[in-house]
Amino acid sequence: MSAPTLQRRLGLVQATALNMIDMVGIGPFVTLPLVMGFMGPNFLLAWLVGAALASVDGLIWSELGAAYPEAGGSYRFLKLAYGEQKWGRYMSFLYVWQTLIQSPLVLASGAIGFAQYFGYLVPMTEWWQPKAVAGSVVLLLIVLLYRRIEDIGKLGVALWVGVLSLMGWLIFGGVTHPNHHVDIFPVGGFSALPGLLISAAMGQAAVKTIYSYLGYYNVCHLGAEIVNPQRVIPRSIFLSILGIAALYLLLNWSVGTVIPWQEVQSWQAGAGDKSQFIISVFMERLYGPTAANVATAMVLLVAFASLFAVLLGYSRIPYAAAADGEFLPVFGKLHPTKQFPYVSLLLLGGVGFVFSLLFRLGEVISAILAMRILVQFVGQAVGLILLRKRRGTSALPFKMPLYPLPVILAIIVWLFVFVGIAPADVTWGGVHFKLYFQVAALGMMALGTGAFLLWSRSLRRWPFAQ
């Protein structure tokens with residue numbers, strides 16, 4: 001009896017759907033008021049900046065994903081780019097190491113945001129109640145994903161329809177009931193644009209909007225399960241980026257025409273901040289409390305759909321590394337009948353469950369970006385340059401235009417975002433201090449380096465090979 005293998009069953013519609021529901025999630029609904037608070041009348045500019053970075057970085061993912069459509073995405077890209085026997089082993093191990101932490105953080109962020117919006121429908125006065133809701137969401141996700149990939153593809157398309165229905169309803173409400181003017185271009189004219197782009201407010205707002213765009217590369221993690229990946233992967237990436245960018249801009253414009261940014265900032269400055277339920281308040285003003293409850297329920301559906309795609313994609317990364325002999329062998333097991341990496345799914349889901357009980361949403365968003373940027377985004381961009389030099393471009397199914405400008409631009413902007421992540425005020429055992437997420441990310445890299453050296457020594461492989 002042959003060993004089970006991953007099957008290519010996902011086409012363009014399913015791949016794009018899984019990307020888009022990964023990208024939307026709870027992100028735009030919880031970050032929308034935060035961006036308004038940071039940017040004031042120029043809040044739409046921050047969403048344009050997020051879309052621009054996603055588009056530039058999407059070129060890198062498209063070229064790598066089309067050329068190397070395998071399970072694991074960045075794991076495989078980093079290993080090939082830096083050399084499969086030496087530094088590539090280190091970079092890919094470091095990425096998988098971070099995935100064991102940052103992917104459960106992504107899962108936790110969505111679950112915590114879900115619980116936050118659920119509080120509009122069912123007020124939760126006890127400290128443990130939001131945590132119980134968040135933890136239950138993660139457990140339900142694990143149950144739903146414990147099945148074959150073709151069944152998941154169909155379920156993903158159904159959830160995608162729910163995402164588009166909600167966004168369409170919200171946009172229609174703002175378009176038909178505008179009460180306030182919203183500037184699409186910077187207030188003060190284009191002469192103010194350079195100052196806005198390098199301002200501290202833009203740095204903080206960009207962290208939130210970029211978090212809301214993350215997920216356009218989810219299809220690369222599922223590379224071994226995509227039909228005709230050389231064409232489907234690049235197309236699904238850019239279809240999802242363009243579609244989500246249009247939806248985000250229209251959504252923010254619609255909300256801003258009904259609830260002005262000045263009111264949002266006043267909520268955030270006072271007690272009982274209503275901005276965390278901004279979509280619910282928006283619908284209540286337009287159509288009344290019943291419509292607000294329905295819209296809130298749909299927001300929860302969208303958040304759940306996104307987490308569904310997130311856990312699906314990330315569960316393939318430790319599996320790919322283990323199947324390649326570069327990580328703990330237990331992660332390389334596929335379910336004997338359903339043919340999916342069940343050990344990886346259960347572990348990441350379990351850690352995400354724990355994180356959903358421990359952390360707050362703002363801290364999780366900052367930690368996610370800090371941990372991803374250096375190894376995954378910057379490391380991958382540099383790796384693409386190395387791959388082009390070593391292997392050439394003649395065999396590439398997709399070649400980015402204007403190379404190397406998009407790569408250089410992506411590296412610069414990612415580093416700008418990394419530096420701009422604000423610290424969090426933390427109280428631990430009665431001691432107050434600031435947590436710098438950049439330092440925490442570097443610390444995780446150091447721990448991963450130590451784990452890699454121990455792992456390599458046990459295998460007697462580089463840098464301990466004789």
Side-chain angles (χ1 to χ4, degrees), residues 13-14 16-33 106-124 129-130 132-147 151-174 211-215 218 240 243-244 246-248 250-252 254-255 276-284 286-313 349 352-353 356 361:
V13 173
Q14 294 167 321
T16 304
L18 290 171
N19 269 1
M20 291 183 72
I21 62 176
D22 187 343
M23 293 168 73
V24 175
I26 200 67
F29 308 116
V30 297
T31 59
L32 188 157
V106 175
L107 193 60
S109 71
I112 295 168
F114 183 102
Q116 176 179 302
Y117 257 88
F118 190 76
Y120 182 84
L121 297 177
V122 181
M124 293 179 283
Q129 290 174 326
V133 172
S136 299
V137 167
V138 177
L139 294 178
L140 180 57
L141 284 167
I142 296 173
V143 172
L144 288 178
L145 283 168
Y146 209 83
R147 64 194 67 244
D151 298 331
I152 289 173
K154 295 174 184 176
L155 186 55
V157 173
L159 293 172
W160 181 34
V161 172
V163 170
L164 296 180
S165 300
L166 172 62
M167 299 292 274
W169 187 22
L170 296 175
I171 291 166
F172 176 80
Y211 162 77
S212 298
Y213 279 104
L214 294 181
N218 188 46
S240 56
I244 291 299
L247 290 174
Y248 283 176
L250 288 170
L251 172 66
N252 278 263
S254 297
V255 172
Q276 60 180 327
F277 307 123
I278 193 167
I279 298 300
S280 305
V281 175
F282 168 79
M283 294 302 289
E284 185 175 351
L286 294 182
Y287 304 112
T290 301
N293 289 337
V294 173
T296 303
M298 292 185 70
V299 168
L300 297 177
L301 173 65
V302 169
F304 189 84
S306 174
L307 295 177
F308 179 89
V310 164
L311 186 53
L312 169 66
F353 172 79
S356 71
L361 184 61

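Quantities reported herein were computed from a predicted structural model and do not represent experimental measurements.
With values rounded to the nearest 0.5 angstrom, Phe114 atom CZ is found 12.0 Å from Ser356 atom OG. Taking CZ of Phe308 as the reference point, atom CG of Leu140 lies at 10.5 Å (rounded to 0.5 Å). Separation of atoms CG (Leu307) and CG (Leu312) is listed at 12.0 Å; rounding is to 0.5 Å. Separation of atoms CH2 (Trp169) and CE (Met283) is listed at 3.5 Å; rounding is to 0.5 Å. The distance from the CG atom of Leu247 to the CG atom of Leu164 is 6.5 Å, given to the nearest 0.5 Å. Between the CD1 atom in Ile279 and the OH atom in Tyr117 there is a gap of 5.0 Å [rounded to 0.5 Å].
Summarising the geometry of Leu251 relative to Pro28, their closest heavy-atom pair is CD2-CB, 4.5 Å, with the distance given to 0.1 Å. When all heavy atoms of Ser240 and Met20 are compared, the closest pair comes out as CB-CG, 3.6 Å. Closest non-hydrogen pair, Tyr211 versus Gly27, comes out as CE2-CA, 3.8 Å. Smallest separation of non-hydrogen atoms from Val30 and Gly113: CG1-CA, 4.5 Å. Nearest approach of Ala115 to Pro130, heavy atoms of both residues: CB-O, 3.3 Å. Ser280 approaches Thr296 most closely through the heavy-atom pair OG-OG1, 2.6 Å.
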Determine, stepwise, if the pair Leu121 / Leu300 fulfils side-chain contact (heavy atoms from CB on, under 4.5 Å). CA-CA 10 Å; Leu121 297 177; Leu300 297 177; 3.9 Å; yes
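Taking Leu301 as the reference, Leu159 meet the side chain to side chain contact (heavy atoms under 4.5 Å, CB included) condition, with sequence neighbours excluded. Residues that satisfy the side chain to side chain donor-acceptor pair (under 3.5 Å) test with Ser254, not counting sequence neighbours, are absent from this structure.
Contact of the Leu141 side chain with the Phe304 side chain is registered, since non-hydrogen atoms from C-beta on lie closer than 4.5 Å. Leu214 has its side chain out of reach of Val106: every pair of non-hydrogen atoms, C-beta onward, lies at least 4.5 Å apart. Counting heavy atoms from C-beta outward, Val299 and Leu166 have side chains that approach closer than 4.5 Å. Contact check for Glu284 versus Tyr120: side-chain heavy atoms found under the 4.5 Å cut-off. Counting heavy atoms from C-beta on, the side chains of Leu32 and Phe282 never come closer than 4.5 Å.
Put simply, the side chain of Tyr248 gets close to the backbone of Ser212: a donor and an acceptor are under 3.5 Å apart.
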